Amino acid sequence: MEGVYRRLRRFYRPYLPLLYVSLSLMLLTTALQLAYPYLLKMIVNRVVIGHQFGELLPLSAAILVAALIKGVFNFTQAYLAQVFGSRTSFDLRNALYKKLNHQPFSYYDRIHTGDLMSRMTADLDAVRMFFAFGINNLMSIVLIVFMGIGLMLSMNWVLALVLTALMPILAVTALRFNSRLHPVFQNVRRALGRLNSGVQENLMGMRTVKSFAKEPFEIDKFNERNNAYYDANMDATKLWRTFFPFIEFVGNIGVVLILMVGGWLVMSQRMNLGDLIAFLSVVWYMIWPMSQLGFYLNNWTQATAASERLLEILEYPDDFDAETEHVSKEMQGRVEFRNVSVKFGDKNVLSNIDFVAEPGQTIALLGLTGAGKSTLTSLIARFRDASEGQVLIDGIDVKEWDRHRLRSQIGVVFQEPFLFSTTIFANIAYGRPNASVEEVERAARVADAAEFIDALPEGYMTLVGERGLGLSGGQKQRVALARAILLNPSILILDDATSAVDMETEYEIQQALQQVMEGRTTFIIAHRISSLKRADQILVLDDGKIVQRGTHDELANQEGLYQEIFRMQFQDFASMSEVPVAMQTGTEGNC
Amino acid sequence: MSVHETSTKPSDEMLRAPFIYRDDEALEKSFQFTLMKRLASYMLPYPGLIVAAFCATLGNLAVTLIAPYLVGRTIDTAISNHHVSSLMTYGAILAGLYVLNFAASSFRIYLTNQLGQRVIQGLRKELFEHVQGLSSDFFDSRPAGSILVRILNDVNSLQDLFTNGVINSITNLFTLIGVIAIMFSLNWQLSIITLIVVPFMFILSLRLTIQIRRSWQQVRLRLSRINAHLAEGIQGMRVTESYVRQEENQEFFESMNRDYMKTFLMAQRWSIPFGPLVDITGALGSALLFWYGVHLLHNGVVTVGLLVAFANYLGNFWTPIGQLGQVYNQILVAMASSERIFQYLDTRPNIVDRDGALPIPPIKGHVEFRNVGFSYELGRRALTDVSFEALPGQTIALVGHTGAGKSTVMNLLGRFYDPTEGQILIDGKDITSVSLDSLRSQIGMVLQETFIFSGTIMENIRYGNPAASDDDVKAAARAVFASEFIERLPDGYHTEVLERGSRLSQGQRQLISFARAILADPRILILDEATASIDTYTEHLIQKGLEVLLAGRTAFVVAHRLSTIRDADQILVFDGGKIVERGDHAHLMSVGGYYYDLVAAQYRFLA
């Protein structure tokens, strides 16, 4: 378990001086706290029994002064510890965020957003609390116990030994408690993560839930997880219910023992009454913090379980290698796949892909659902790596390109457009935050988004978000497209990026793109032949292999999947016997 | 760097704001009694637990109160008088009391935790169920992340209050009353002199709490911004990574994080002094006690044992005050959270069953729009005066540019929104007059953006019809030609998919949602760009399956592809929220209007 904190060392290390000062102050506070029984003893022995009334005033004043100093120290101590905890968790939160920002795509294929959220919030907070006061609380118990025993030894060693005998019982209990609590808390945190991801998923899929009227089913699913979280918490409670009171009990038994043995010592006149009273008040001072031991251990164990979950993120293997990724230059856009294969598990998703795309070319990918088109394009910007073979850009293996430099010269429009909670302007400028207004507007025009944006009451200032507030699928796609265009990329990848846009608009977009992308490379994944037919090279994928390649004219006259699909789409028109003649003559001129 | 909606920054900065999150309104009143009462009402279902927890707590309390007295007695009567046997007796009684205390503590811990957890569980359940019932506009206007934070974090932050806060403050109050009573019964002069400092402390701490509350509000505000950004950031991470926005985002996040840390530490600066303040006042009381107590002792009014016992009681007096202060802090924090929770609970869904709404009988499929108009928000008209009629079994195709109003028609038909004007009738019944569940469960929707739940593919297809057998599921998958790719997956139908189906291609996800809709066997089927991401080959296969499945159902289809539209019984052409043309394919082609142009354009692109 200690290993966990060693692995977090780099986060709290710079702030350790804060903790040390805080702990030193706590040492002083604890000493002052014990001064109270000592002063009490003086009052009883000297004033009450010894009738030296002149000492009463200074002694009372001493109590007050001690309390004042203690108050100031206590504040400083607690505050410094909070600063220590806050600074540490500040760095930790930043580091987690940074790590998440560089996690490979495959990581996000596997995680639940909700679970990740619960790590970034609840788990991080548990760790913060341990650093901000958990350590101090635990240390204060240790200090109180040791200083208390020291003080008691100086008062009466026989009585002190009686109490010390109880310590091993406490220590053993605490250790056992801790080791049993750890798995329970792991469970609690896991249950919370599951609850979180369940709710998250439900909220994301609300549309589907509602359209199937499945609210009751979702509620059942939620209740199951909510109950599991409850059960996990109650498991912890079942441990607390014996351990907490037991620790308190041991302390209380200490009081009884002191009273008995001390009483006997006083009666046999080996000790005076004042000492016994002072002794008792020392014990009393120790009991309250000791009864809190359970809570503090709790805090510690929770933090350990939470740290483990944070370390899972932080220590996720980096696929980034600064040493090999050294190429950082202007990209021309020549893309070459050399015998590339990609495996997911044992399954070949792509096999032996070979092709060259010259700068200025448009490469289209056609294939059935799941044929591997998206996987193929994801290799170019290194969203994943090939299992075998090489992907080269301008003759250099993508693994040798500086990753940021590589990606910032490749514009990717994903299948599902994702817009962030900010203005349309900032969404388009996402990859180039300092782009000028004119550049953004130009990109929007190329993507055929300018018209609808201008029609919005607030234009580019319109706030959109996770749900793209009121934007239709086609509108979102066009904003996402503008975002890629603004990058001024050497390679543009459109992964089914205009599926929600009608053919006419798509045609206009393509025309505009052709100008913008002159001399650069464009990859288009699409299902409509109309989107692909002007490509310089069409690659037809089937089950991860390139089964056909060529231009539209070549492929249309070649037996195979392309022709089949072309016919299917063409059939729509061919079957309209009354149309073609009129239309062909009508459109020839326009084209 | 971080720009928020409330700020009045120059417009360029606003335009370029990296992220904008809507802040929640801050509470102005510190202590709202109605809010407290409402919170307390969540404990009402557990009277047994409360009483039992309270009894156990009383047990603890009794021991806390009696023990110092007994110790004092032991000193005065047994030890001072060298009475060995009574020393033994007192020892035995004390030990017995502590055993009792052990048992009481054990029960108290168990019961209070159970109470707290149950209340939280119940509150979360109520909130979740309530949110499930809210209408689409609620979800459209809020990011999922911020709803998530309320259901989880805000509810969780009430846990402390319900677990320990309530019972402890009752106990503390009783302790306080008990201690005061005992102190006065022991010696009233000593009591008055030692308690004289209390009002002084009270005034000081009241001033503190105002600052404490304000500063915690600020903390909450900042935390919810961080959470909103995290939820969104995680979902959009692929975009961030591919657009290499990490550094800017990191900078944004760090400034938000730093802001949070600063506010948090400010809140700590206000909160921490409370404990030392109680301590110092306590010491002042003790000093007064001894100063005055010794005089009384000197005059023989009190004994040594009494003075010692009194000092102990005084300690027991300050501990509950310190704890009550903590609970008060908890309450202040809880206020902020509970307000946010109640705000959701008080949100009424826009779309609700009318009083006495009956389930709609099995739908035959006659759908009529009568002069329907709709605006999503004021001033943004989506539909104007739309009227049409679909006969049972007909397929209606909706055609038009993006934003022409097609999806709005679908939204209104599924009653995700109610029309602003006009009426929608199914089998002659206004859809606002029948129960929502019965309506939606007979309408199947396949949307362009599909949602896959984490679980197996089998479970996902079965989503709309839990009673379906495995064979039914497979038959549905076969009908939409999804079976082929599913069976090729390593675990077939039992392949686990994660949220949003991130391991599947979008086309595959659409096939699954197709199978899901088919299996639910709806009377009315809505396909909104359902095949946009499916390749032509598969789409053609599906089409064949669909022909069979569409038979006998009324279907509404939005598609850009002509093949899907051509065979429709009726084609409605939308432009600017109005129907501009209607009729079947042959009719519309002969008219030579908008539709003709559309087809011509498509033809041009293909040929």
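Basis for what follows: all heavy atoms, side chains included, without hydrogens, waters or symmetry-related copies. Residue numbers start from 1 in every chain, and the chains themselves are labelled A, B, ... in the order their sequence lines are given, proteins ahead of strands. None of the values given here were measured: they were computed from a predicted structure.
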Is a side-chain donor or acceptor of [X] paired with a backbone partner of [Y] at a separation under 3.5 angstrom?
X: A:Arg407; Y: B:Ser242; answer: no
X: A:Lys210; Y: B:Gln132; answer: yes
X: B:His82; Y: A:Met267; answer: yes
X: A:Thr422; Y: B:Ala17; answer: yes
X: A:Arg93; Y: B:Asn257; answer: no
X: A:Ser86; Y: B:Met261; answer: no
X: B:Gln268; Y: A:Tyr79; answer: no

Taking atom types as modelled, find out whether A:Ser408 and B:Tyr243 have a side-chain donor-acceptor pair closer than 3.5 angstrom.
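Distance-only check fails for A:Ser408 and B:Tyr243.
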If we ignore angles and hydrogens, is there a donor and acceptor under 3.5 Å between the side chains of A:Thr237 and B:Gln117?
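Their side chains do not contain a donor-acceptor pair, so the 3.5 Å distance test is not met.
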Do [X] and [Y] touch side chain to side chain, with heavy atoms closer than 4.5 Å?
X: B:Arg124; Y: A:Phe222; value: yes
X: B:Val239; Y: A:Arg483; value: yes
X: A:Met117; Y: B:Leu152; value: no
X: B:Gln114; Y: A:Met234; value: yes
X: A:Tyr230; Y: B:Ile120; value: no
X: A:Gln200; Y: B:Gln235; value: yes
X: A:Glu215; Y: B:Arg440; value: yes
X: B:Phe19; Y: A:Ser421; value: no

Region of [X] that comes under 4.5 Å of a non-hydrogen atom in chain A:
X: B:Ile75; answer: side chain
X: B:Ala520; answer: side chain
X: B:Asn101; answer: side chain
X: B:Ser80; answer: side chain
X: B:Thr240; answer: both

Please classify the contact between [X] and chain B as side chain, backbone, both or neither, with a heavy-atom cut-off of under 4.5 Å.
X: A:Lys373; result: neither
X: A:Phe90; result: both
X: A:Tyr229; result: side chain
X: A:Asn94; result: both
X: A:Ala66; result: neither
X: A:Leu68; result: both
X: A:Ser374; result: neither
X: A:Leu368; result: both
X: A:Ala78; result: both
X: A:Phe414; result: side chain
X: A:Ile565; result: both
X: A:Glu218; result: both
X: A:Gln82; result: both
X: A:Leu59; result: neither

Which atom of A:Lys214 lies closest to which atom of B:Pro466, heavy atoms considered:
NZ-CG, 3.3 Å
Distance to the ring centre below 6.0 angstrom and angle to the axis at most 45 degrees; does that hold for B:Arg245 and A:Phe420?
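Negative - B:Arg245 is either too far from the ring of A:Phe420 or too far off its axis.
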Using the ring of B:Phe139 (Phe, Tyr or Trp, six-membered ring only), decide whether A:Arg207 places NZ or CZ under 6.0 Å from its centre and within 45 degrees of its axis.
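A:Arg207 over B:Phe139 ring: no.
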Would you confirm whether the ring centroid of [Y] sits within less than 6.0 angstrom of the ring centroid of [X]?
X: A:Phe249; Y: B:Tyr98; result: no
X: B:His229; Y: A:Tyr97; result: yes
X: A:Phe217; Y: B:Tyr463; result: yes

With salt bridge (charged side-chain N to carboxylate O under 4.0 Å, His left out) as the criterion, how do B:Arg238 and A:Asp109 come out once you've worked through the C-alpha distance, each side chain's angles and the decisive distance to 0.1 Å?
CA-CA 10 Å; B:Arg238 286 181 178 87; A:Asp109 289 346; 2.5 Å; yes
Check whether more than 12 heavy atoms from other residues, nucleotides or ligands sit under 6.0 Å from atom CZ of B:Phe107, and answer yes or no.
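Not more than 12 within 6.0 Å, no.
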Show, in sequence, the C-alpha distance, side-chain angles and deciding distance for A:Leu57 and B:Phe290, and conclude whether the side-chain contact (heavy atoms from CB on, under 4.5 Å) test is met.
CA-CA 9 Å; A:Leu57 205 61; B:Phe290 285 116; over 6 Å; no
Starting at [atom1] of [X], measure out to [atom2] of [Y] and round the result to the nearest 0.5 Å.
X: B:Leu148; Y: A:Asn196; atom1: CG; atom2: CG; value: 5.0 Å
X: A:Thr242; Y: B:Tyr110; atom1: OG1; atom2: OH; value: 11.5 Å
X: B:Phe102; Y: A:Ile253; atom1: CZ; atom2: CD1; value: 10.5 Å
X: B:Leu94; Y: A:Met260; atom1: CG; atom2: CE; value: 7.0 Å
X: B:Arg516; Y: A:Thr208; atom1: CZ; atom2: OG1; value: 5.5 Å
X: B:Asn156; Y: A:Leu192; atom1: CG; atom2: CG; value: 6.0 Å

Evaluate A:Val209 against B:Phe453 for side-chain contact (heavy atoms from CB on, under 4.5 Å), listing each step before the verdict.
CA-CA 10 Å; A:Val209 173; B:Phe453 295 88; 3.9 Å; yes
Largest heavy-atom contact set with chain B, pairs under 4.5 Å, which of A:Asp496, A:Asn223, A:Val266:
A:Asn223
Please evaluate residues A:Trp264 and B:Ile79 with respect to the criterion side-chain contact (heavy atoms from CB on, under 4.5 Å), reporting the C-alpha separation (whole Å), side-chain torsions for both, the decisive distance (0.1 Å), and the verdict.
CA-CA 8 Å; A:Trp264 176 74; B:Ile79 300 177; over 6 Å; no
side-chain hydrogen bond (donor to acceptor under 3.5 Å, both in side chains) for A:Asn227 and B:Gln121? Distances and angles first, verdict last.
CA-CA 7 Å; A:Asn227 294 345; B:Gln121 185 194 25; 2.4 Å; yes
CA sep, side-chain torsions, deciding dist, call: B:Phe485, A:Thr369, side-chain contact (heavy atoms from CB on, under 4.5 Å):
CA-CA 9 Å; B:Phe485 93 81; A:Thr369 297; 5.8 Å; no
